[in-house]
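Encoded as structure tokens, the structure appears first; notes follow it.
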2 protein chains.
Amino acid sequence: MSKRISQSSLKAPSFKRSDCPLACALDIVGDKWSLLIVRDLLFGRSRYSGFLDAGEGLPSNILASRLRSLEKAGLVRKMRDQAQPTHQAYQLTESGLDLSAVIVALVHWSRINIPGTRPSQIG
Amino acid sequence: MSKRISQSSLKAPSFKRSDCPLACALDIVGDKWSLLIVRDLLFGRSRYSGFLDAGEGLPSNILASRLRSLEKAGLVRKMRDQAQPTHQAYQLTESGLDLSAVIVALVHWSRINIPGTRPSQIG
DNA sequence: CAGTATCCATTTTGATACTG
DNA sequence: CAGTATCAAAATGGATACTG
């Protein structure tokens, strides 16, 4: 017998504490995984399994939850893979692409301020 | 009878998954509160009670935990308040100040991409 | 194989009461 | 004022099992 109630057993993080633009942004990407998924998308990964293999050990249930919340927030779009139509592919929307500036700023900060950061490669 | 073991009942978030500069940065500021505290420091707040009153309803135990981890990561310094030496004051280090670029990028993104964001004020 | 879902232990959170 | 302590609730992380 199959369970039919829950769309997913894992809920996305809560949403919108205030109208401060910074707090609003953090309600969407203020966690340890979302920007790493955006990073992967920027660097050409587009498949579920690709995100899982990215190296930081993102668990599959967390990945599913994050993809849902990023999609709901309009940063990511899911579609059929052009090259392999049997597969799904994720891609950034305009809004998601705009996050590259945030990622660049974080990487720049990290390079200067965190010792032991990898010198020449993101991802 | 008093408990004496725990320095604090609340632990700071875990640390350093990989050597990717983005992941390293997110291990430090990749949560919903740390950058809001940095924002407050940038905008002139410096006291524990000031952070609590900032408006987003940051709980005091989370604040204590975040201040500890930001201090440990070298972004924040605790000292005696110059004006009122009976009080403590927090201030950003150079490293913490450098995060302003990240905050600017996030606010800019938010203004463009999140409807309902407050038009003319951070904080 | 790609993608989801479920179970369960551990961590983190949020709210509030409490202490020096 | 500046934190700590307590505790319930929620999120996380792994492992694993299910579906098409």
Side-chain angles (χ1 to χ4, degrees), chain A residues 1-18 23 26-28 30-34 36-37 45-71 76 78-81 83-90, chain B residues 1-18 23 26-34 36-37 40 45-71 76 78-81 83-90:
Chain A
M1 192 187 307
S2 58
K3 304 279 178 55
R4 281 159 47 255
I5 302 298
S6 61
Q7 278 250 61
S8 83
S9 58
L10 185 60
K11 289 236 290 274
S14 58
F15 200 51
K16 197 137 186 175
R17 288 161 286 185
S18 84
L26 293 173
D27 280 334
I28 297 175
D31 70 274
K32 291 197 306 194
W33 296 111
S34 295
L36 294 182
I37 296 170
R45 286 200 176 91
S46 63
R47 301 261 294 274
Y48 193 92
S49 53
F51 304 134
L52 287 180
D53 297 342
E56 277 95 8
L58 169 56
S60 70
N61 51 354
I62 303 291
L63 173 57
S65 164
R66 286 303 175 279
L67 285 172
R68 272 194 300 272
S69 72
L70 291 173
E71 208 178 345
V76 158
K78 174 157 67 166
M79 47 196 325
R80 207 156 285 287
D81 193 316
Q84 304 183 74
T86 60
H87 296 130
Q88 298 292 336
Y90 294 88
Chain B
M1 190 189 309
S2 60
K3 303 280 178 53
R4 279 159 49 255
I5 302 299
S6 61
Q7 279 249 61
S8 81
S9 58
L10 186 60
K11 291 235 290 269
S14 58
F15 201 52
K16 196 136 186 176
R17 287 162 286 187
S18 84
L26 292 174
D27 280 335
I28 298 175
V29 297
D31 70 275
K32 290 198 305 192
W33 296 112
S34 296
L36 294 184
I37 296 171
D40 287 345
R45 286 201 176 91
S46 64
R47 301 261 293 274
Y48 194 93
S49 51
F51 304 135
L52 288 181
D53 297 342
E56 276 96 8
L58 168 58
S60 69
N61 54 348
I62 304 292
L63 173 57
S65 165
R66 285 303 174 277
L67 285 172
R68 270 194 301 270
S69 72
L70 291 173
E71 207 178 345
V76 158
K78 174 159 65 168
M79 46 196 325
R80 207 159 285 287
D81 192 316
Q84 304 183 74
T86 60
H87 296 131
Q88 299 290 337
Y90 293 87

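In what follows, every chain begins at residue 1, and chains take the letters A, B, ... in the order their sequences are listed. Reckoned from all heavy atoms, side chains included, excluding hydrogens, waters and symmetry mates.
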Task: CD1-CD distance between I37(B) and E56(B), expressed to the nearest 0.5 angstrom - done: 10.5 Å
- [ ] Report yes or no: does R17(B) contribute a side-chain atom to a donor-acceptor pair with the main-chain N or O of K32(A) at less than 3.5 Å?
- [x] yes
TODO: Give the nucleotide from the list dG14(C), dA2(C), dA2(D) with an atom nearest to the side chain of S49(B).
DONE: dA2(D)
- [ ] Would you kindly compare L52(A) and K32(A) by the position of their nearest DNA chain C nucleotide and give the one closer to the 5′ end?
- [x] L52(A)
Task: Given dT4(D), dG14(C), dT13(C), the nucleotide with the shortest approach to the side chain of P59(B) - done: dG14(C)
TODO: Can you figure out which of dT13(C), dG3(D), dA5(C) approaches the side chain of R68(A) most closely?
DONE: dA5(C)
TODO: Please state how far atom CD in Q88(B) lies from atom P in dG20(C), giving the value in whole angstrom units.
DONE: 18 Å
Task: Spacing of L63(A) atom CG and L36(A) atom CG [to the nearest 0.5 Å] - done: 11.5 Å
- [ ] Work out which heavy atom in P85(B) is nearest to a heavy atom in A83(B); give both atom names and the distance.
- [x] CD-O, 3.4 Å
Task: Length of the line joining I62(B):CD1 and dA2(D):P, which is rounded to integer Å - done: 19 Å
- [ ] Start with the C-alpha distance between Q88(B) and M79(B), add both sets of side-chain angles, then the distance that settles side chain to side chain contact (heavy atoms under 4.5 Å, CB included), and finish with yes or no.
- [x] CA-CA 6 Å; Q88(B) 299 290 337; M79(B) 46 196 325; 5.8 Å; no
Task: Nearest-angstrom distance from the residue atom CG of L36(B) to P of dG14(C) - done: 11 Å
Task: Atom-to-atom span, CG of L63(A) to P of dA2(C) - whole angstrom - done: 13 Å
- [ ] Nearest whole angstrom, please: distance from the C1' of dA2(D) to the CD of E71(B).
- [x] 14 Å
Open item on the list: Given 3.5 Å as the limit, does a donor-acceptor pair link the side chain of Y90(B) with the main chain of R45(B), or not?
Closed with: no
Open item on the list: Only Watson-Crick and G-U wobble pairs, only distances under 3.5 Å, only runs of 3 or more: what stems does that leave for DNA chain C?
Closed with: C:1-20 with D:1-20
Open item on the list: By the 4.0 Å heavy-atom rule, please label R66(A) as base, sugar-phosphate, or nothing.
Closed with: sugar-phosphate
Open item on the list: If I take atom CG in residue D81(A) and atom C1' in nucleotide dC1(C), what distance separates them, rounded to the nearest angstrom?
Closed with: 14 Å
Open item on the list: Mind checking if F51(B) touches a base, just sugar-phosphate, or nothing, with heavy atoms under 4.0 Å?
Closed with: nothing
- [ ] Under 4.0 Å between any heavy atoms, over every strand shown, what does N61(B) touch: base, sugar-phosphate, or nothing? Just pick one.
- [x] base
Open item on the list: Nearest whole Å is fine: how far is dG3(C) P from Q84(A) CD?
Closed with: 10 Å
Task: Atom pair distance, as rounded to whole Å: CG in L10(B) and C1' in dT13(C) - done: 8 Å
Task: Nearest to side-chain heavy atoms of S60(A), which nucleotide of dT16(D), dT13(C), dA2(D) - done: dT16(D)
Open item on the list: The side chain of K78(B) is closest to which nucleotide in this list: dG3(D), dT13(C), dA5(C)?
Closed with: dG3(D)
Open item on the list: Need one value for S65(A): base, sugar-phosphate or nothing, where a base atom within 4.0 Å counts as base even if backbone is also close, heavy atoms only.
Closed with: nothing
Task: Listed nucleotide nearest any side-chain atom of Y48(B), set dA2(D), dA2(C), dG13(D) - done: dA2(D)
Task: Sidechain-backbone polar pair: R66(A) side chain, S34(A) backbone, donor-acceptor under 3.5 Å - done: no
